[in-house]
Amino acid sequence: MPDSDFQLEEATIDQLHAALKAGHITLVQVVQHYLKRVRAFNGVSSRLVTADGKDVPPATGTVRGGSPLNFPTHTLKASAFLPDLDKYQGKPLEYGRMEATASDPAVQQQFGMIAGIPNAGQVNALATLNIRGERSVTCKGDYDLHPSKGPLPKGAPPVCDEFRQQPDALELAAEYDAKYGRNPDLAKLPLYGVVFSFKDPFDTRDMRSTGGGDAAYDIDFPARDHILVGELRKKGAIIFAKAVNTEYNGRAGDPGGRNHPDKVLPSTLGYQRATWGGNPSNPYDTTRAASLGSSSGSALSVSTNMVMASLGEETRASCRGPSNHNSVALILPHKAMLGFDGGAIGADIYCDRSGIHARTLHDCAKILDALKDTGKPAGSEYYDPRDIYTTVPRSAVLTNYSKHTQSPGILKGMRIGVIRESMAHPAGDRSAEPIATAAAREIKTILGGKLGATLVESSHRYWTRDAEVELMKVDFRTALARLVPVFMPDILFRLGKDGQPLFKEFAAAIEPTEFAPGKVFGTGTMKPIDYLVELADGRIEAPVNFDIGTVQDQKLANMFRFHIPQYLKRRAADWKARGYNETLDEFAKLNARSKFWGDDGRAAFKNWEETTDPRNPLGGRQGIDERIMLRELLRRVDMMVIHENQLDCLVRLHTVYPPAIIGGAHQPGFPGNTRPETYYGPNAGLTEVLIPAGYVNVAYDPVFKLSDDGKRYENVASDKPTALAAPGLPFSLVFRAEPGKEDVILKVAAAYEAASKRRAPPPAFGPL
């Protein structure tokens, strides 16, 4: 760094631009500084879990920042966290091991069970750096030789001669310095010099793009950028790195079939892991997951100041989880405001959407303005023919977003609905108490107290109402009771995991009725349709568990099987049009040329390959229909609550649970340490904004227990507190409003951010 008062760590976009104009720093120095941080902090942060705990031979991985990854040789004995392991009688456990990757057999990666390393000093946030020689496996090393250095070595794939024409991040920075010096045109280049990372599913033409998967493509970079990546290039951004993510956006689930894992992992929780990129760790406690959401490396790289901003993708909680657990700001625009599926590997096209991570809300908003200002004719700005979800009216898109984050003031006169469902938990759930209590205090103290907003809370059976806060006249349970009978009456006929009616009061009231093929329930006398009439008009009390968490349970949609071949064929066609041959163009080839860090992933992808019908099983619940119907239902639920209570916006907690121990147990009943209520935003396709809201200094982590028959490990709650090093583990508040009212949530969120100032950089990853 040059000799000046400017410090790149924690700097905003405006501060960077001021420093560039003042000559305190050059773009080359900016990129070099981020590279130094990558070399210092972006190493392996997990170790293998083995049967005996013995050391393993040294192994090296792919090159990052100029040096190959070095994996730890020490391992953790499985019996250290799996009790009664000598009595276990289930399927063989998939112990940790080092193996060569499918993409590059010359480099290794961790497979099977792993655990975090205490005080690792590393977080493994970025998988691929846009640095010449290491940004592609197809064109690695001297196959990416700078054009000025002569012809490529013998044996280089022909496409590499084209690939190497593209400057890497340092070379682009040098070009910009030479062209613009201290006077860039910030009107045309509003993101000049802003260093970005991207969740790996975003296609980048100058970096390996495989959705995080370990797949041996003929050409591991695409022929063209994702539309948002291309827009960032036009606006002067530096395309710096691909971030580690849960491969294929959460591993895409398992549609079921004849394939089952030969070996099992007691838990996949906390990995947020890619077979190619490895596993990230939380910067506030490196034994824990980086997030509860697959865009972990995106937010993690921003939080640890390896980049200034990042684009992530969310299907369920993949942007909000990383933002929440890494103390960074997030704008998650409504579905289709910013395209995602055009030029990206997705998991669920009905929910997938792009999100913007930065350390301040104003930076997120500046990036959003730059992305939506495409220069296309009015009315067609955001349309991408590769993304069918961009075929929507644009009346809900504001002219300017960043102006609503400037000059934040007080919120007197505004009415904010507090979604207590996001904080409610059974009395005995100690693990939820620290964050739920802290969030409730934060909302009341800052939003209601310091900023003067009127708070209006919803009610829930697991929440003791605050007598000092106004109670909603019509809350979410009431709105659901009015709307479900019209939009999704099937919800009331759902069965629980035990095969019994999920809503027992409903079953007790109606006459015997077929809930599912061959399954008849009902012990009362009412006809189901008459029950719905009474429920909708408030003459029958809704079932006790009828809430916005329960109604969002969904069956897996089979469209991942549609999306992947479509993406592969489009990518191969792009290369064919340019005279190159990419033969990885269908699901069977993807599986044949891939490896998976867990055998469960291999089995799931074989089941996906063998899925041929886009419909869910006939006579069963329809995953596609549920997603489309649920969006209509949830949007109207929000609007009813907002209208009936005259609210300006809503605020909620992202999750009551801290990130879990890597490789450890998950919260009983909530795989992934999240809850259906967390999925509200993506299921409804609504804009949400996250702002860091504080830290908790204690956690109650669940533990494993061997089942009575000895065949599996179960997740059980624990009352044993774990003290956390300062500042603790972060949590965020989530703001949302009706579509087209993003100006309101930006105003409220900016006021909260300015009044609270809760972000604290992770202490172990401070300035070099």
Separation between CD1 (I548) and CG (L480), nearest 0.5 Å, reads 7.5 Å
Query raised in the report: Using 30° and 60° as the class limits, which term best fits the ring planes of F560 and Y248: parallel, tilted or perpendicular?
Result: perpendicular
Between the CG atom in L532 and the CE atom in M526, the distance rounded to the nearest 0.5 Å is 8.5 Å
Quiz item: Backbone N or O of L686 within a donor-acceptor pair of the R635 side chain at under 3.5 Å?
Solution: no
Would Y752 and E442 count as a side-chain hydrogen bond (donor to acceptor under 3.5 Å, both in side chains) if you check the C-alpha gap in whole Å, the side-chain angles of each, and the deciding distance to 0.1 Å?
CA-CA 10 Å; Y752 170 73; E442 186 75 1; 2.6 Å; yes
Output for pair (R758 CZ, F731 CZ), nearest 0.5 Å, gives 8.0 Å
**Prompt:** Taking side chain as C-beta onward, heavy atoms only, is M488 less than 4.5 Å from L630?
**Reply:** yes
Requested in this report: Might you work through the side-chain contact (heavy atoms from CB on, under 4.5 Å) test for Y462 and H425, ending with a clear yes or no?
Outcome: CA-CA 5 Å; Y462 290 144; H425 56 278; 5.5 Å; no
| field | Pair D475 + R477, salt bridge at N-O below 4.0 Å | value | no
Closest non-hydrogen contact found for G663 with F81 is O-CE1, 3.7 Å
In terms of heavy-atom contacts, P261 and A603 come closest through N-CB, 3.7 Å
Contact check, side chains of P266 and L82, non-hydrogen atoms, under 4.5 Å: yes
*asked:* For the CG atom on D709, are there more than 12 heavy atoms of other groups (residues, nucleotides or ligands in this structure) within a distance under 6.0 Å?
replied: yes
task: Check the pair L733, I691 against side-chain contact (heavy atoms from CB on, under 4.5 Å), reporting the backbone distance first and the verdict last.
output: CA-CA 6 Å; L733 293 183; I691 301 295; 5.6 Å; no
ask   = Any donor and acceptor pair, going by atom type alone, linking the side chain of N645 with main-chain N or O of L647 inside 3.5 Å?
value = no
- Pair F506 and F493, ring centroids less than 6.0 Å apart: yes
Nearest heavy-atom contact between P659 and R288 is O-NH1, 2.8 Å
What one should report as the nearest heavy-atom pair of P702 and Q667 is CD-NE2, 3.4 Å
One should read off an interatomic distance between I435 CD1 and H654 NE2, to the nearest 0.5 angstrom, of 9.5 Å
E457 vs R420, test: salt bridge (Lys or Arg N to Asp or Glu O under 4.0 Å). Steps then yes/no. CA-CA 7 Å; E457 68 174 356; R420 294 301 191 194; 2.5 Å; yes
> Does a side-chain N-to-carboxylate-O contact under 4.0 Å join D254 and R251?
Replying inline: no
For E511, is there an ion pair with K527 - N to carboxylate O distance below 4.0 angstrom? yes
Does either side chain, that of Y350 or that of R627, offer a donor lying less than 3.5 Å from an acceptor on the other one? no
dist Y679:OH -> D553:CG (nearest 0.5 Å) comes out at 10.0 Å
Worksheet item: Just by distance, do the side chain of N324 and the backbone of S732 share a donor-acceptor pair under 3.5 Å?
Response: yes
Q.
A side-chain contact here means heavy atoms from C-beta on lying under 4.5 Å apart; do T287 and I662 qualify?
A. no
Item to complete: Answer with yes or no whether the side chains of N683 and Q554 bring together a donor and an acceptor at under 3.5 Å.
Response: yes
Using atom types as modelled and distance alone, determine if a side-chain donor or acceptor of N282 lies under 3.5 Å from a backbone N or O of A289.
yes
task = Could you go through the side-chain contact (heavy atoms from CB on, under 4.5 Å) check for M414 and L451 one step at a time?
result = CA-CA 10 Å; M414 298 196 74; L451 292 172; over 6 Å; no
- Query: In terms of side-chain geometry, is the basic nitrogen of E626 or K555 positioned less than 4.0 Å from the acidic oxygen of its partner?
  - Reply: no
- prompt: Taking E753 for the side chain and L361 for the main chain, is one N or O donor matched with an acceptor at less than 3.5 Å?
  reply: yes
For T454 and E470, test the side chains for any donor-to-acceptor distance below 3.5 angstrom and give the result as yes or no.
no
Crowded around K91 NZ? As in, over 12 foreign heavy atoms under 6.0 Å? yes
Strictly distance-based, threshold 3.5 Å: is any side-chain N or O of S431 a donor or acceptor partner for the main-chain N or O of D701?
no
Do the side chain of E632 and the main chain of I628 share a donor and acceptor less than 3.5 angstrom apart? no
Between the CE atom in M559 and the OG1 atom in T611, the distance rounded to the nearest 0.5 Å is 12.0 Å
Go through it in stages, so that I can follow the logic: the residues are S318 and N249, the test is side-chain contact (heavy atoms from CB on, under 4.5 Å), and I'd like the CA-CA distance, side-chain angles, deciding distance and then a yes or no. CA-CA 8 Å; S318 302; N249 302 320; 5.7 Å; no
key: D648/K747 ion pair, N-O < 4.0 Å   = no
Side chains of Y713 and S267: is there a donor and an acceptor less than 3.5 Å apart? no
> Quick one: do the Y700 and E433 side chains pair a donor with an acceptor below 3.5 Å?
Replying inline: no
Closest non-hydrogen contact found for P543 with E505 is CB-OE1, 3.4 Å
Heavy-atom nearest pair, R736 first then I419, reads NH2-CD1, 3.5 Å
Just by distance, do the side chain of R320 and the backbone of E314 share a donor-acceptor pair under 3.5 Å? no
* Ignoring hydrogens and angles, tell me if any N or O in the side chain of N697 forms a donor-acceptor pair with the backbone of G728 under 3.5 Å. => no
| Would you say the side-chain atoms of S422 pair up with the backbone N or O of R652, donor to acceptor, closer than 3.5 Å? | no
